[in-house]
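Just the heavy atoms: all of them, side chains too, but no hydrogens, waters or symmetry mates, feed the values below. Just so you know, these numbers come straight off a predicted model, no measurement behind them. By convention in this document, chain letters (A, B, ...) are assigned in the order of the sequence lines, proteins followed by strands, and residues within each chain are numbered from 1.
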Amino acid sequence: MKPKKIAAAKARKTTKAVSSKSKAAKKITAKKPAARKVAAKQVKAQAPTAKNIAYDPQIIEKKWQAKWEADKLYRAVIDERKPKHYALTMLPYPSGDLHIGHWYAMTPSDARARFKRMQGYNVLFPMGFDAFGLPAENAAIRDGIHPMKRTYQNIERMRKQLKSMGAMFDWSREVVSSDPEFYRWTQWFFIQLYKAGLAYRKMAAVDWCPKDNTTLAREQVIGENRVCERCGTPVIKKDLEQWFFKTTKYADELLRFDELDWPQTVKTLQTNWIGRSEGASVHFKTEAGEDIEIFTTRPDTLWGATFMVFAPEHPLVDKVTTPEQKAAVEAYKAQAARQSDIEREAADKEKTGVFTGGYAINPVNDERIPIWIADYVLLSYGTGAIMAVPAHDERDFAFARKYDLPIVPVIQPEGVTLDGATMERAHEHEGVMINSGPFNGTRATDEKGMANPAIKAVVEWLEQKGIGRRAVNYRYRDWLISRQRYWGAPIPMVYCEKHGWNPVPDDQLPVLLPEDVEWKPTGESPLKLHPTWKNTACPECGEPAVRETDTMDTFMCSSWYHLRYLSPHYNKGPFDEKEYNYWMPVDTYTGGIEHATMHLLYTRFFHKALRDMGITEGNEPMIQLRNQGMVLAEDNSKMSKSRGNVVAPDRLVEKYGADTVRAYLMFFARWEMGAPWDSQGIEGSARWIRRTWILFTDPSTTLRSAQDEPIAATDETKKNLRRKVHQTLRKVTRDFENFEFNTIISSLMELMNEMYKAREAGAVGTPEWNEATEIYLKMLAPVAPHIAEELWTHQMGKPYSIHQQTWPKYDEEAAKEDTIEIPVQVNGKVRDRIVVAADASEKAIEATALASPTVQKFLEGRPPKKVIVAQKRLVSVVV
RNA sequence: GCCGAAGUGGCGGAACAGGCAGACGCGCACGACUCAAAAUCGUGUUCCUUCGGGAUUGAGGGUUCGAUUCCCUCCUUCGGCACCA
């Protein structure tokens, strides 16, 4: 049993009695059971008094939301006298209803933005809607409701729900990505990227339903046999000319994170996603007369390349295939094409392949090597063809053993002699080069790329000889922008027979989506089917030309929306430079980890590309990033409509009020981790908010301070209260900085419990009490903005608004303890606790510890071998 | 398979920088109030115990006077990538 606990318990015991204002009530602080009973009865008889108002969040929350809005309290306006803070949280897709996950992402972000504001920053905290996208279009196909209508209805509904959070969103800066005044600039950016040479067209495969005659998104392809979601027809791959952005041009820069305060996990995810590997590009001749470049990370093993493997779809396959092998090759190609991606990518799948009959020449030793095709070589990576070095690559080894191809070791590990005929696995590690002509004896390490002396030597030699060069390859692909959809920003390009593709002139932007469109049940793009929309004039010659009927990936909108918030209605450019110069970059960006690779990489790419065009400044758009976790359903599963286990924030707000919901979301889990929802758990937060209300409104507080009664509190009580206040302030300040919301709430709960205790001890009306109430409410303000405002402005009569107050500074001196309790260990076990003055010397602490009878008992008369006094935290005695 | 994150009471979690494990809250038990219930308030709540104490932060080892924290091996869960040449 800890002394702390006893004290707290005592405080709680007397709370009830104190709700009386009578003189008798004062007596009962001496806590005789009989007296308490009397007091409680009196309370009942008096209640409700005018002063003893019940907590009604429905009334106060609506009241303050209306007033804040009317007063434009959260308008963010450039103010050069103040440091700026651009806090951004990812904008929602208007799906219809706000989800508890939105609340979980947004309300702690809001609390932190509010904290920053109270710290003196000029804070911009905007909100908007990522309004284009597939769900609205699907609904249109299903129900015949126009996506525009549905989207804007949803936005209206969700805007209202968002406002019920009591967040400090500056709604005057709201953006909706499907508004023409927004997508005009999305289109403008496309054109800028096009003009900068970063947009190009190429053929790319899409998943296609041959029956519905339409492209399918990944989630519209169902099951292992990959059928169309609508009609069950097996999906095929279809090649279409599509628009791409050259994101890979920035791959190397995107791998640099030195200006970013981002979670390590996100940086790792992006690094893996980009998948940079260093090596060499090597030129091979084939006997069919066509040359081929291959990429390898191990040019040091070139002398061990005993065959080549092409991807079955590789365009050169037909050229190198001999007539005798043609049938086998065709058969293999056909079965590879039939396989789903999933089957093909199964890791444990046995290697298969077919000899083409063709040969290539290994350029380093002029050996004639056979060309095979196999589905373990992917057309999408590297050049779609590899040199196979079975002695030093597991996959090539398995393939060579299966088809009885030669294995020649060229890297000899220390103390072992590798023999191609008998070795049981590939040797993928360090050793000394052998069988490698001029390089025999060169040391190959486990280092990758040019850091490996063997690779470096060979690459330099290849370059000299003109048969290869240093090369870097990426897993990362260029960004495919085209979507064969209606509900997106039209790609502002026009095709003319004579002049090819040209951008729509600026003065004709935006290219508006036609509203008079119809949906076929198949999902074919209405833009393609529209009778007149695509007809236009060539910007070059004025002759009849056609518009691009594809629209843009919605990631395009989210790549720059943070810039539109700067000046949502500005019409001379995508943003007002003045606003940009003041607010950018985004200081704090919050959102889900699921956007780690796509959205966040696209946004960084976009910013860098714009920087190089002189449109933006700085290298990064968002300096600090934090990810929240996920709120799971009570049974630990994911929440989903189909499972019927979603938690509706609207109903929680009705039942508990927004302040309680906010507090619980901050309290119930580590923010970055998330946790299952607990419908009982929220009662605890509701209780805390209610007890806060009672602490400030109960007659035992309000009347006591009004009556100027003599102060009963001892100096010690007052000092303890002040200490707790400043300790809490120190902790809450630090926790806000670090996004540790759960411990902010628990610290505030502790302080509140302490304040109840202090009230019992007669502290109401003292300067310490008044300071405690002020600081408590200021710390509460970012968490529970409504109740804090009500208690501050209305109940205590302090100047409106609490949200314009400055964050208090903690007093280090006041937070200091007078005495400290130090545990004493004997042989590593805690045996006693001693109380010493906070400024006691180590010597004094040691003496006190050794003098303790308990410690003496455990010493059993033995002299201590060693006594360690650890910085006023612990004494460790070793015998 | 590779990369990353995380494993602490019945539950969510706390523990600044190697120094009292379990703050704060939920739940539960008992009690007060109540005709009763809800609400509220109070007390207790890691496990074992011969009441001396012992064990305990996924498991096992190591470093240290001292490890939830650092190192090694392993297990489990989650996330990412997945034949990447």
What integer number of Å spans the [atom1] atoms of [N] and [M]?
N	M	atom1	value
B:rU8	B:rA23	P	16 Å
B:rU69	B:rA17	C1'	10 Å
B:rG61	B:rG44	C1'	39 Å
B:rC2	B:rU73	P	13 Å
B:rC74	B:rA21	C1'	25 Å
B:rG79	B:rG31	C1'	48 Å
B:rC65	B:rA5	P	30 Å
B:rC70	B:rG52	P	38 Å

Calculate the interatomic distance between [X] atom [atom1] and [N] atom [atom2]; express it in whole Å.
X	N	atom1	atom2	result
A:E672	B:rG13	CD	P	10 Å
A:W677	B:rG25	CH2	P	18 Å
A:M666	B:rG25	CE	C1'	16 Å
A:Q680	B:rA39	CD	P	10 Å
A:K857	B:rG53	NZ	P	5 Å
A:I834	B:rC20	CD1	P	14 Å
A:M387	B:rA85	CE	C1'	8 Å
A:Y810	B:rC16	OH	P	16 Å

By the 4.0 Å heavy-atom rule, please label [X] as base, sugar-phosphate, or nothing.
X	answer
A:A870	base
A:Q825	base
A:R831	sugar-phosphate
A:K829	sugar-phosphate
A:R477	nothing
A:S876	base
A:G629	nothing
A:G275	nothing
A:W688	nothing

Would you indicate, yes or no, if [N] has its OP1 or OP2 atom less than 4.0 angstrom from a side-chain nitrogen or oxygen of [X]?
X	N	value
A:R670	B:rA14	yes
A:N742	B:rA14	yes
A:R730	B:rC16	no
A:T743	B:rA23	no
A:N627	B:rG79	no

For [X] and [Y], I'd like to know if the aromatic rings sit close, meaning centre-to-centre distance below 6.0 Å.
X	Y	answer
A:Y664	A:W677	yes
A:F399	A:W372	yes
A:F668	A:Y104	yes

With both distances under 3.5 Å as the test, what is the Watson-Crick or G-U wobble partner of [N]?
N	answer
B:rC20	none
B:rC11	B:rG25
B:rU40	B:rA32
B:rC51	none
B:rC81	B:rG1
B:rG60	B:rC72

Is A:R395 close enough and on-axis enough to A:Y376, meaning under 6.0 Å and within 45°, for cation-pi? no
[X] side chain: which of [options] is closest?
X	options	value
A:E750	B:rG25, B:rA23, B:rG4	B:rA23
A:Y381	B:rC84, B:rC65, B:rC83	B:rC84
A:D375	B:rA39, B:rG12, B:rC83	B:rC83
A:M749	B:rG25, B:rC81, B:rC65	B:rG25
A:R475	B:rA85, B:rC26, B:rA82	B:rA82
A:R873	B:rC65, B:rA85, B:rC16	B:rC16
A:P823	B:rC83, B:rG4, B:rC20	B:rC20
A:R687	B:rU40, B:rG66, B:rC3	B:rU40
A:I868	B:rG19, B:rG25, B:rC26	B:rG19

For B:rG22, does the O4'-C1'-N9-C4 (purine) or O4'-C1'-N1-C2 (pyrimidine) torsion place it in syn, i.e. within 90° of 0, or in anti? anti
Taking the chi torsion of B:rG66, is it syn (within 90° of 0) or anti (everything else)? anti
Residues [X] and [Y]: side-chain donor-acceptor under 3.5 angstrom:
X	Y	value
A:T248	A:D478	yes
A:E293	A:H283	yes
A:R475	A:N272	no

Hey, is A:R730 close enough to A:E812 for a salt bridge, meaning N to O under 4.0 Å? yes
Can a salt bridge be assigned to the pair A:E754 and A:K757 using a cut-off of 4.0 Å between side-chain N and carboxylate O? yes
Chi angles and distances behind the side chain to side chain donor-acceptor pair (under 3.5 Å) call for A:T660, A:Y55: CA-CA 12 Å; A:T660 293; A:Y55 172 54; 4.7 Å; no
If you find the nucleotide of RNA chain B closest to A:A675 and the one closest to A:I822, which residue's nucleotide is nearer the 5' end? A:A675
Assuming nearest nucleotide by heavy-atom distance, tell me which of A:L269 and A:S277 is located more 5' along RNA chain B. A:L269
Donor-acceptor pair under 3.5 Å, A:K731 side chain vs B:rC16 base: no
